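This report refers to the structure that appears directly beneath it.
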Amino acid sequence: LLRANGPTFFDGRTPFITLHVRGGDRGPGQEELTLALLRILARDFKQWVVVSESPATRERTTVALRELGCEVARAMSASEGPAEAVWGDFEALVKASGVVSSVGGGWSAFPYAATRISGAPLLVASEYAASEVWRLLMAHSKVDILGICFGASGAGRFRDDVWQRTAESA
């Protein structure tokens, strides 16, 4: 699924976290919620990749992370072409030690699919676990849905899951 010559982030150092942030095309943005989570997570994770369909949103989030003392790598540039940019974003999600997803409406299959492939923990920015859609997914899934945390209340478990995964792969 990944290209052999695909991008390497931070010279292969881990862990790095990929943040998937939508630019508001799926409902009202969650910038304040996302920034609050970044302030919590930036204490423990200093290497990030930001992916977004919106260059302006990606840039604002990159600046916020740098202001928190984090190093931010870029996934593929949209100048490489739209298909290459999307593929590069997906590779950044799959290669991450953990993924944070901030999407208006709470849910996106893009980071979910990447973390199901890689086994990396996923932190959804909103407290989506109580939603009817999530309860239906859980009730009708043929397999256990593991490794997903929600909102600020799930940030500690997400952090622990990332560190555990990193220790197991060392």
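Just so it is clear, the structure is predicted and the values come from calculations on it, not from any experiment. Atoms considered below: every heavy atom in the structure, side chains included; atoms not considered: hydrogens, waters and symmetry mates.
Looking at P121 and V99, their side chains never come closer than 4.5 Å, going by heavy atoms from C-beta outward. You'll find the side chain of V49 stays beyond 4.5 Å of the side chain of R74, heavy atoms only. In this structure the side chain of T18 never reaches within 4.5 angstrom of the side chain of V100, judged on heavy atoms. Annotation: side chain of S118 is not in contact with side chain of K95 (no heavy-atom distance under 4.5 Å).
Atom CD of E84 sits about 11.0 Å away from atom CG of D89, to the nearest 0.5 Å. In this structure, NZ on K46 lies 7.5 Å from CG on L68, to the nearest 0.5 angstrom. T34 OG1 to L41 CG: the interatomic distance, rounded to the nearest 0.5 Å, is 11.0 Å. In this structure, L19 CG and S102 OG are separated by 6.5 Å, a value rounded to the nearest 0.5 Å. Interatomic distance, CG of D161 versus CG of L123, reported as 10.0 Å (0.5 Å rounding). Taking CD of Q47 as the start and CD of E71 as the end, the distance is 5.5 Å to the nearest 0.5 Å.
A donor-acceptor contact shorter than 3.5 Å is absent between the side chain of S108 and the backbone of V103. Between the R58 side chain and the S52 main chain, a donor and an acceptor come within less than 3.5 Å of each other. Put simply, the side chain of R157 gets close to the backbone of I148: a donor and an acceptor are under 3.5 Å apart.
In the hydrophobic clustering of this structure, L35 groups with V21; members are Ile, Leu, Val, Met, Phe, Trp, Tyr whose side-chain heavy atoms approach within less than 4.5 Å, directly or through other members. Put simply, V124 and F110 are part of the same group of oily side chains (I, L, V, M, F, W, Y) that touch within less than 4.5 Å, one to the next. Taking hydrophobic clusters as Ile, Leu, Val, Met, Phe, Trp and Tyr residues chained together by side-chain heavy-atom distances below 4.5 Å, I40 does not share a cluster with W48.
A pairwise comparison of heavy atoms in F150 and S126 identifies CB-O, 3.6 Å as the closest pair. Between A114 and L93, the shortest heavy-atom distance links the atoms CB-CB, 3.5 Å. Across A120 and S97, no two heavy atoms sit closer than the pair CB-O, 3.7 Å. In terms of heavy atoms, A92 sits closest to F16 at O-CE1, 3.9 Å.
Residues satisfying the salt bridge (charged side-chain N to carboxylate O under 4.0 Å, His left out) criterion with R66, sequence neighbours excluded, are absent altogether. Under the rule for a salt bridge (charged side-chain N to carboxylate O under 4.0 Å, His left out), the partners of D44 that lie at least two apart in sequence or sit in another chain are R159. Among residues two or more places apart in sequence or in another chain, the side-chain contact (heavy atoms from CB on, under 4.5 Å) test is passed with V63 by E59, E67.
Aromatic ring orientation, F45 versus W163: parallel (interplanar angle below 30°, classes split at 30° and 60°).
The residue from T62, T57, I17 that alone fulfils the side chain to side chain contact (heavy atoms under 4.5 Å, CB included) condition with V50 is T62.
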